[in-house]
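Taking it in order: structure first as structure tokens, then the write-up.
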Amino acid sequence: MASEKVAACCEALIEKNLTIAFAESASAGKMCYEFSTVVNSGRILIGGIVCYHSSMKEDLLHIPWGTIEQHSAESAEVTKLMAQNFYRYINSDVCVGLTGLTTPGGSESDSKPVGTIFIHIIFGEKQIAKRYEFKGTPEGIIDQAIDAVADLILKEI
């Protein structure tokens, strides 16, 4: 079941007749799923793509070769390109890109610990990029990230 923040975000999107789509990595489709559980979500939800592995980001979202090696798969630069490149291929008013570290074994470092999440949202000509450091279990980190996306969209619309 969707959180109160996600439900409020969906209701606002419905009220404003805006559609939404997702390019997900760390959340592995959960963000799209959460938005789909809200009543009348079919009026706003276009869908999403899960590009967890670097090869999917490069092959399906056309992240330029070398970008991931230079910045890492879990970076603001890659998240921005995921959102921008997916937005080009879909007909949606809002497009959200999300990457990050929910478990050890990625590109974590002292400056980018597990719990670091990158979000990039496109609203037509306007774009919002955010970096968060959440604490908790992998699922808890993802849930916090999804709520952060809902908050950012609510503030914008």
Distance from [X] atom [atom1] to [Y] atom [atom2], nearest 0.5 Å?
{"X": "E77", "Y": "T99", "atom1": "CD", "atom2": "OG1", "result": "9.5 Å"}
{"X": "L98", "Y": "I142", "atom1": "CG", "atom2": "CD1", "result": "8.5 Å"}
{"X": "K130", "Y": "I121", "atom1": "NZ", "atom2": "CD1", "result": "9.5 Å"}

- Query: Which pairs, with at least one residue in residues 44-53 and sequence neighbours excluded, count as a side-chain hydrogen bond (donor to acceptor under 3.5 Å, both in side chains)?
  - Reply: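 Counting only pairs at least two positions apart or across chains, the side-chain hydrogen bond (donor to acceptor under 3.5 Å, both in side chains) contacts touching residues 44-53 are H53-S55.
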
- Query: Which pairs count as side-chain hydrogen bond (donor to acceptor under 3.5 Å, both in side chains) when at least one residue sits in residues 142-157, sequence neighbours excluded?
  - Reply: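 The answer is S3-D147, K5-D151, K30-D143, K126-E156.
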
For [X], side chain to side chain donor-acceptor pair (under 3.5 Å) partners two or more places apart:
{"X": "T102", "result": "none"}
{"X": "S111", "result": "S109"}
{"X": "T116", "result": "none"}

- Please go through V78's hydrophobic cluster and name the other residues, only I, L, V, M, F, W, Y counting, with side-chain heavy atoms under 4.5 Å joining them.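 Same cluster as V78: I49, M56, L60, L61, I63, I68, L81, M82, F86, I90.
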
Less than 3.5 Å apart, which donor and acceptor atoms pair up between the side chains of residues 6-23 and the rest of the protein, not counting sequence neighbours?
{"residue": "K16", "atom": "NZ", "partner": "I157", "partner atom": "O", "Å": "3.3"}
{"residue": "T19", "atom": "OG1", "partner": "D93", "partner atom": "N", "Å": "2.9"}
{"residue": "T19", "atom": "OG1", "partner": "D93", "partner atom": "OD2", "Å": "3.2"}

Quick one: do the [X] and [Y] side chains pair a donor with an acceptor below 3.5 Å?
{"X": "Q70", "Y": "T67", "value": "no"}
{"X": "K112", "Y": "S72", "value": "yes"}
{"X": "S107", "Y": "E74", "value": "yes"}
{"X": "Q127", "Y": "Q84", "value": "yes"}

For [X], ring pair (Phe, Tyr, Trp, His ring centres under 6.0 Å) partners two or more places apart:
{"X": "Y87", "result": "none"}
{"X": "F118", "result": "none"}
{"X": "F123", "result": "none"}

Closest heavy-atom pair and its distance - [X], [Y]:
{"X": "G115", "Y": "I141", "result": "CA-CD1, 3.7 Å"}
{"X": "R131", "Y": "P113", "result": "NH2-CD, 4.4 Å"}
{"X": "S25", "Y": "K57", "result": "OG-NZ, 2.9 Å"}
{"X": "A83", "Y": "G97", "result": "CB-N, 3.8 Å"}

- Query: Considering residues at least two apart in sequence or located in another chain, which fulfil the salt bridge (charged side-chain N to carboxylate O under 4.0 Å, His left out) criterion with R88?
  - Reply: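 For R88 there are no salt bridge (charged side-chain N to carboxylate O under 4.0 Å, His left out) partners, ignoring immediate neighbours.
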
Applying a strict under-4.5 Å side-chain criterion to I, L, V, M, F, W and Y, I'd like to know whether [X] and [Y] cluster together.
{"X": "Y132", "Y": "V96", "value": "yes"}
{"X": "V149", "Y": "I128", "value": "yes"}
{"X": "V50", "Y": "M31", "value": "no"}

For residues 36-43, tabulate all N or O donor-acceptor pairs below 3.5 Å that involve a side-chain atom, not counting sequence neighbours.
{"residue": "S36", "atom": "OG", "partner": "Y33", "partner atom": "O", "Å": "2.6"}
{"residue": "T37", "atom": "OG1", "partner": "A2", "partner atom": "N", "Å": "3.3"}
{"residue": "T37", "atom": "OG1", "partner": "E34", "partner atom": "O", "Å": "2.8"}
{"residue": "S41", "atom": "OG", "partner": "S36", "partner atom": "O", "Å": "2.9"}
{"residue": "S41", "atom": "OG", "partner": "V38", "partner atom": "O", "Å": "3.2"}

- Is there a donor-acceptor pair closer than 3.5 Å between any side-chain N or O of E24 and the backbone N or O of C32?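 Here the side-chain-to-backbone pair exists.
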
- Query: Is a side-chain N or O of S92 found less than 3.5 angstrom from the main chain of C95, in a donor-acceptor match?
  - Reply: no

- Message: With a 4.0 Å cut-off on N to O distance, would you call E133 and K135 a salt bridge?
- Response: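 No.
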
- Please check if atom CD in E139 has more than 12 non-hydrogen atoms from other residues, nucleotides or ligands closer than 6.0 Å.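 Not buried by this count: 12 neighbours or fewer within 6.0 Å.
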
